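These figures come from a predicted structure and were not determined experimentally. Per chain, numbering begins at 1; letters A, B, ... match sequence-line order.
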Amino acid sequence: MAWQFTSNRPIYQQIMEEIELRILNGTYEKGMRLPSVRDLAMTAAVNPNTMQRALSELENQGLVATQRNTGRTVTTDEEAIKHARTVKADSLTDTFLLQMKALGLTKKEVLERLAEREEKEEEHGSNS
Amino acid sequence: MEAILEARGLTKRYGATLALNNVDITLPKGKIVGLLGPNGSGKTTLLKIAAGLLTPTNGVILADNRPIGEATKSVVSFLPERTYLPDWMTVTDCLDYFTDFYEDFDGKRAEDMLGRLAVPANKKMRTLSKGTREKMQLVLVMSRRAKLYLLDEPIGGVDPATRDYILNTIIGNYDNEATILISTHLIADVEKVLDEFLFLKEGVITMHDTTDNVRETQGKSLDELFREVFRC
Amino acid sequence: MLGKLIKHDFRALSRTLFPLQIGILAGGLVATLLTVLTIRLNNASASAHSGSNILHGVIMVTSVTMSVLIAVAIAASAFVTLLLICSHFYKSFLSDEGYLTFTLPVSTSNLLWSKLFTGIFWMLINAVVILVTILIFAVFGTSSTGIANFSVLQTIQSFFTQILPEAAQYVSLPLVIIECVVIGLLALASQLLEIYFAIIVGGQVAKKHRILAAIGMYLLINMGVGIISSVYTSLIAFGEGAWTLTLDATRETGTFFLSVFGWYGLLFAGLCVLFFLVSRSILKKNLNLQ
């Protein structure tokens with residue numbers, strides 16, 4: 001199915017995020033050969049030039065590499081992936097905290113909630 | 001940069017109506033461009049002139065650096081909004097026809113695509129449903145290895161699944177030496193597929209930009225921008 | 001490219017015209033059989049002192065009516081052939097199919113040539129088919145004794161063995177034949193081009209009711225052509241006639257005959273050129289498909 005995009009940010013950026021996500025969560029494994037630009041564009045239902053731009057930017061960021069014979073592959077550089085994961089996680093955490101603050105919760109309340117959640121899950125885990 | 005389509009001061013008048021008013025366009029190679037505007041804004045007129053079906057009242061228009069004529073017709077592939085294949089022709093007849101007249105027609109590719117659509121070779125055009133017929137026409141037009149593709153409202157009036165198929169075919173057919181010019185008023189559906197766009201309002205080009213630029217500089221989608229610009 | 005255009009135009013026309021021509025032949029055969037049957041019945045009843053007058057009468061009436069109908073149909077077939085040729089022209093150039101036709105990488109001239117050649121070709125085929133059908137009927141359908149009507153065959157034969165050789169004394173036969181063929185073709189071409197032109201102009205003038213407009217245009221153009229032809233021929237006749245009076249009548253009749261024909265040929269050729277060029281010009285500059 002075609003990828004979903006929001007309306008206010010450049011599509012190539014959103015494509016980058018989606019591919020990065022897939023790399024970080026292992027859907028696209030380390031060293032895995034990526035489909036051709038055209039095939040990826042068709043899957044995502046986007047313009048091939050846009051897909052090309054996204055992949056070039058990812059290459060600049062070091063998450064994707066181009067080999068002369070095999071085309072584009074996911075990087076094998078564990079450090080690069082870790083770094084990307086950290087950056088992403090930090091950004092999401094910041095967003096989360098801001099959103100919680102907008103609801104009127106203090107940092108302490110947020111941490112309490114998180115602890116509660118973890119307990120519940122452990123209970124569930126031992127019961128089932 | 002060599003332009004695949006160039007117009008300078010292009011004007012078309014029908015009696016008292018001015019369908020195109022002093023239009024200037026330069027389209028580069030290897031791009032998918034949207035010709036966007038409401039109904040009656042002159043999109044079809046522009047495409048028909050580029051395809052050689054209408055002569056301008058004034059101005060200059062070049063395709064592949066040549067004036068529109070017999071030579072440009074062999075590198076320009078036009079998909080009209082209408083069903084224009086004869087009723088009595090079968091799928092095979094149509095393939096024969098295109099193979100005969102167009103050197104750049106890739107018959108194998110067309111057959112593959114039709115096979116995937118499961119359209120039997122000996123079916124006559126008049127026995128096909130409207131949607132299938134339109135897909136058939138698209139397949140024929142896109143199976144030509146042309147330099148400029150002109151698609152007039154290719155996704156209007158078809159169901160969402162067919163729309164996806166059509167956009168997918170356009171993406172899959174992309175060639176960085178060729179340009180595809182798509183006229184439509186269904187902006188939201190095509191935006192992801194477009195590199196650049198032109199806004200055509202009452203025969204006048206009011207904007208020509210890249211889709212990325214709009215989002216980067218204005219934080220809006222093309223659809224939102226269109227609604228603003230063409231507010232009634 | 002012209003060859004390909006002709007191939008496809010021919011294919012499109014054959015679809016309807018080929019069955020039609022077969023139908024004509026078949027109709028002719030049926031008519032022939034019916035009349036033969038009628039004659040035989042007539043003869044049989046005449047000699048057998050008709051016991052069943054009513055049955056006999058019914059068969060007579062039916063077969064005669066059928067023969068007349070078929071004869072009318074065969075005559076009408078020439079008109080239907082022309083109609084189908086015009087219909088193909090119209091669809092190809094002025095209907096939605098025009099989007100296909102005019103985006104082909106071919107010249108407008110070639111598009112017209114193809115329509116002209118295939119149109120003439122099928123009209124000639126139709127003429128031959130009708131001729132053959134009539135011949136079959138005349139030879140096999142009208143004999144009251146035996147299978148074939150020998151007097152008809154004899155008349156045909158005498159044309160070749162008596163009339164032609166005699167004519168050959170006055171005129172050069174090969175030349176006359178060639179001239180007749182050429183001028184016949186030119187006449188046919190000019191007629192067809194005139195009709196094509198009327199269809200195009202009709203399409204320009206009226207967006208709705210294009211067919212009526214085309215017919216109206218045709219009648220108008222025909223009047224115009226008639227006037228031009230009359231003026232032209234009277235001028236020629238005047239000139240020629242004045243010249244011929246001064247010469248030996250018998251021998252010069254041949255030359256007169258040839259030269260008058262020649263002038264007609266020129267007229268038709270001129271009309272062909274006129275209609276072709278104007279049609280082409282309209283298609284190139286003023287095409288506006290809906």
Side-chain angles (χ1 to χ4, degrees), chain B residues 12-15 17 19 44-45 47-57 63-64 66 68-90 92-94 96-105 124-125 133 137 140-141 144 146 148-150 152, chain C residues 1-20 84-85 87-115 118 200 203-207 279-290:
Chain B
K12 178 66 180 174
R13 190 172 283 120
Y14 292 112
T17 334
T44 301
T45 305
L47 293 180
K48 278 162 95 167
I49 291 178
L53 293 166
L54 278 179
T55 47
T57 313
D64 197 26
R66 285 176 288 191
I68 308 293
E70 210 180 314
T72 58
K73 288 178 186 178
S74 55
V75 296
V76 174
S77 191
F78 177 53
L79 179 67
E81 212 179 335
R82 324 215 139 217
T83 46
Y84 67 111
L85 297 171
D87 277 337
W88 58 268
M89 272 195 172
T90 63
T92 316
D93 288 336
C94 293
D96 268 347
Y97 193 89
F98 270 68
T99 310
D100 266 353
F101 287 108
Y102 295 109
E103 262 185 61
D104 60 9
F105 185 68
K124 295 200 180 182
M125 287 298 115
R133 213 161 157 167
Q137 289 178 180
L140 288 174
V141 166
R144 278 186 58 195
L148 176 64
Y149 299 88
L150 305 168
D152 196 358
Chain C
M1 275 303 177
L2 179 58
K4 292 180 191 164
L5 284 171
I6 292 178
K7 165 184 159 191
H8 285 277
D9 269 329
F10 185 78
R11 217 189 253 182
L13 284 170
S14 313
R15 214 174 53 90
T16 47
L17 286 175
F18 187 70
L20 179 66
L84 287 171
I85 291 174
S87 166
H88 173 67
F89 181 87
Y90 176 82
K91 283 204 197 124
S92 188
F93 282 4
L94 300 175
S95 73
D96 284 349
E97 214 182 299
Y99 281 96
L100 186 62
T101 312
F102 288 104
T103 46
L104 291 175
V106 296
S107 65
T108 316
S109 300
N110 277 346
L111 288 170
L112 277 172
W113 283 126
S114 178
K115 293 290 184 291
T118 50
I200 293 175
Q204 290 298 120
V205 165
K207 296 306 169 196
S279 296
R280 187 184 70 166
S281 173
I282 297 181
L283 288 174
K284 262 178 134 156
K285 313 241 178 76
N286 293 62
L287 186 70
N288 188 9
L289 300 167
Q290 295 316 312

B:Tyr14, part contacting chain C, at a heavy-atom distance under 4.5 Å: side chain
Under 4.5 Å from a heavy atom of chain B, the part of C:Lys91 involved: neither
Audit row: C:Arg11, B:Asp93, side-chain contact (heavy atoms from CB on, under 4.5 Å) steps and yes/no: CA-CA 10 Å; C:Arg11 217 189 253 182; B:Asp93 288 336; 4.3 Å; yes
Gap between atom CG of B:Leu54 and atom NZ of C:Lys285 - 0.5 Å precision: 14.5 Å
Sidechain-backbone polar pair: B:Lys48 side chain, C:Asn288 backbone, donor-acceptor under 3.5 Å: no
From CG (C:Asp96) to CD (B:Glu81), nearest 0.5 Å: 11.0 Å
C:Leu104/B:Tyr97 under side-chain contact (heavy atoms from CB on, under 4.5 Å): CA gap, chis, key distance, verdict: CA-CA 10 Å; C:Leu104 291 175; B:Tyr97 193 89; 3.4 Å; yes
Separation of B:Leu85 CG from C:Tyr99 OH (nearest 0.5 Å): 13.5 Å
Residue-level interface, residues 105-114 of chain C with chain B, non-hydrogen cut-off under 4.5 Å: C:Pro105, C:Val106, C:Ser107
Intermediate values then yes/no, salt bridge (Lys or Arg N to Asp or Glu O under 4.0 Å), C:Lys4 and B:Asp100: CA-CA 7 Å; C:Lys4 292 180 191 164; B:Asp100 266 353; 5.3 Å; no
Spacing of OG1 belonging to C:Thr103 relative to OH belonging to B:Tyr84, to within rounding of 0.5 Å: 6.5 Å
Separation between CG of C:Leu287 and OG1 of B:Thr55, rounded to the nearest 0.5 Å: 8.5 Å
Contact leader toward chain C among B:Gly52, B:Ser74, B:Pro86, where contacts are heavy-atom pairs under 4.5 Å: B:Pro86
Atom group of B:Phe101 that falls short of 4.5 Å from chain C, counting heavy atoms: both
Crowding at CZ, B:Arg13 (>12 non-hydrogen neighbours, <6.0 Å): no
